[in-house]
Amino acid sequence: MWNGSIVLMKTIQTGQNTNGFPQSKYECSEEIPADISDTTRTDEVVGEQLGYSADITVEIVACNYAGESTFKDVGTGIVYDVKRTYKPPKSMNIILTGEAREHGKA
């Protein structure tokens, strides 16, 4: 069932560096087994209606997710912002829809 893994990232501190640029520190979880797939047309349409680009869907066991706003695909190293969550009825899993972050954005 699992075809990859992700790392959930939680912001623990935000502020500015000595030059005044925004700086954040993240705490990462252990690798979490995940079913990683491309988005469906429905995900893309909902994303466009809400003003974001749905790039990936990830299904993980719901007890591993505590509302984190970002995750990283361990296989590719790409960081995604969580834009939508969905917990199917009578399921122990949760589906995260992510938008890829711009390169260099912390």
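Because the structure is a prediction, the values reported are computed rather than measured. For the single chain, residues carry numbers from 1 onward in sequence order.
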| Out of curiosity, Cys63 SG to Ile60 CD1, how far, rounded to the nearest 0.5 Å? | 8.5 Å

| message | Quick check on the hydrophobic clustering: are Tyr80 and Ile94 connected, directly or via other members, by side-chain heavy-atom contacts under 4.5 Å? | response | yes

| Distance, nearest 0.5 Å, that separates CG of Asp81 from OG1 of Thr97 | 12.5 Å

| Looking at Lys83 and Glu99, does any basic side-chain N land under 4.0 Å from a carboxylate oxygen? | yes

Give the table of side-chain donor-acceptor pairs shorter than 3.5 Å for residues 85-93, with sequence neighbours excluded, one pair per line with atom names and distance.
residue : atom : partner : partner atom : Å
Lys87   : NZ   : Ser91   : O            : 2.3
Ser91   : OG   : Asn93   : N            : 3.1
Asn93   : ND2  : Glu59   : OE2          : 3.0

| Which value, rounded to the nearest 0.5 Å, describes the distance between Asn64 atom CG and Ser29 atom OG? | 7.5 Å

| query | So how far is it from Glu68 CD to Ile6 CD1, rounded to the nearest 0.5 Å? | reply | 9.0 Å

| said: So, taking the atom named CD1 in Ile56 and the one named CG in Asp73, what distance separates them when rounded to the nearest 0.5 Å? | reply: 5.0 Å

| query | CG of Leu96 to OG of Ser69: how many Å apart, nearest 0.5 Å? | reply | 11.5 Å

| request: Indicate whether the side chain of Thr57 and that of Thr39 have a donor and an acceptor atom separated by less than 3.5 Å. | output: no

| said: What verdict does the side-chain contact (heavy atoms from CB on, under 4.5 Å) test give for Ile32 and Leu8, after you've listed the backbone C-alpha separation in whole Å, the side-chain angles of each residue and the deciding distance to 0.1 Å? | reply: CA-CA 8 Å; Ile32 299 169; Leu8 293 170; 3.5 Å; yes

| remark: Tightest non-hydrogen contact, residues Cys28 and Met9, listed as SG-CG, 3.9 Å

| task | List for me each residue that meets ring pair (Phe, Tyr, Trp, His ring centres under 6.0 Å) alongside Tyr65, sequence neighbours excluded, and say none if there are none. | result | none

| Between the main-chain N or O of Phe21 and the side-chain N or O of Asn19, is there a donor-acceptor pair closer than 3.5 Å? | no

| field | Contact list for residues 41-57, test salt bridge (Lys or Arg N to Asp or Glu O under 4.0 Å), sequence neighbours left out | value | Arg41-Glu44, Asp43-Arg84

| task | Return yes when atom CG of Asp38 has more than 12 non-hydrogen atoms of other residues, nucleotides or ligands closer than 6.0 Å, and no otherwise. | result | no

| note | What one should report as the nearest heavy-atom pair of Ile78 and Ala100 is CG2-CB, 4.2 Å

| message | Counting C-beta onward and ignoring hydrogens, is there a side-chain heavy-atom pair between Phe71 and Val58 closer than 4.5 Å? | response | yes

